[in-house]
Amino acid sequence: MYGRNFGIEEARLLFDEMPDPDAICWTTLILVLTRNDHFEEALKFFYFMHKDYRLVADEFTFGAILMACSNLGRAKQGKQVHGKVLMSGIGANVFVESSLVDMYGKCGLVVDYRGVFDRMLKKNAVSWCVLLGSYCQNDEFKAVLKIFRKMEKESDMYSFGTVLRACAGLTVVRQGKEVHCQYLRRGGWRDVIVESALVDLYAKCGVIDYAQRLFAEVRVRNVITWNSMIYGFTQNGRGEEALMMFTNMVEEEGIMPNYISFIGVLFACSHISLVDQGREYFVSMSKEYTIEVGIEHYTCMVDLQGRAGKL
DNA sequence: ATAGGGTTAG
């Protein structure tokens, strides 16, 4: 109950009070941690449970631990967990196997995720979606489209974000439109993830005005939707509008920009030679927004000042 | 008590 409502501390305290927590209690705590993005801690507790308390992990435990490995990109640990899964005799569980595919996919191990997927006896929409996601994460966009075309009932609405991302990666606007239509035909409607992917797709394909019209119709926008639009203007040589979008996002909508927002903003400044304003944005990143300045931002600043003759 | 989707410099 606390874990589902961001009460990680409360969940921890209650767990510590338990006189003799069994494997289900431990697993519940691990699930709370993964659900709230505390992946390192989740792994720590797993090893604790396993090594110090000799409790037996089940499919729920392994699912959560594999999720932690996926999100941390820990291939080595993930493989070890895979070994434990095989030894435990619950290898043929659709949750665990889908998590394994996802783990190998997010770690970039193409042979492994394909191998696990091919050997799965039972597959469902999530398994197929994870496979698409794995190919997409490894820039195998053509494979994503090929598999998606062969899928019918196996796919559900979750697949569309990934497939649209693949179309954007290939800048194939015609196929992107087809997928867009298919999404609508299947009753897709007002999904912030799909709509963000659509804005990005059309912007990347150069149909920026259409992207803008679509963006205007979106009801629920989050920072990623805005980033897609901001970066879309930047990519299409419309830096002023990119900066206007950024201002709108922050001042009108009160949405906090993130690391990626500033890549679009600084790159926009570089394109329209706004050196001083670019510097101000660069400084405000850490001062006003407490966002860590990364290599991409420094690169934009080098570009910005280099283009302006300030070698 | 369980798994999956979207934004990123040169």
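Residue numbering restarts at 1 for every chain, and letters A, B, ... go by the order of the sequence lines.
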Face-to-face stacking of F95(A) with dA3(B), centres under 5.5 angstrom, angle under 30°: no

F117(A)/W128(A) aromatic ring centres below 6.0 Å: yes

Atom pair distance, as rounded to whole Å: CD1 in I90(A) and C1' in dT2(B): 11 Å

Side chain T299(A) and base dA9(B) donor-acceptor under 3.5 Å: yes

side-chain contact (heavy atoms from CB on, under 4.5 Å) assessment of L274(A) paired with L243(A): CA-CA 11 Å; L274(A) 288 177; L243(A) 297 179; 3.6 Å; yes

Interatomic distance where CG belongs to L266(A) and C1' belongs to dT7(B) [whole Å]: 15 Å

Separation of dT2(B) P from D102(A) CG (nearest whole Å): 17 Å

Verify same cluster id: Y47(A), L33(A) (apolar side-chain graph, 4.5 Å): yes

K204(A) side-chain N/O to dG6(B) phosphate OP1/OP2 under 4.0 Å: no

Under-4.0 Å side-chain N/O to phosphate OP1/OP2 contact, R165(A) with dT7(B): yes

Distance, rounded to the nearest Å, where N258(A) contributes CG and dG6(B) contributes P: 15 Å

Any K106(A) side-chain nitrogen or oxygen under 4.0 Å from OP1 or OP2 of dG5(B): yes

Length of the line joining L201(A):CG and dT7(B):P, which is rounded to integer Å: 11 Å

Side chain of N222(A) (C-beta onward), nearest among dG6(B), dT2(B), dG5(B): dG6(B)

Atom-pair distance (CZ on F262(A); C1' on dA9(B)), nearest Å: 15 Å

Any R4(A) side-chain N or O less than 4.0 Å from OP1/OP2 of dT2(B): yes

pair N258(A)-S261(A): side-chain heavy atoms closer than 4.5 Å: yes

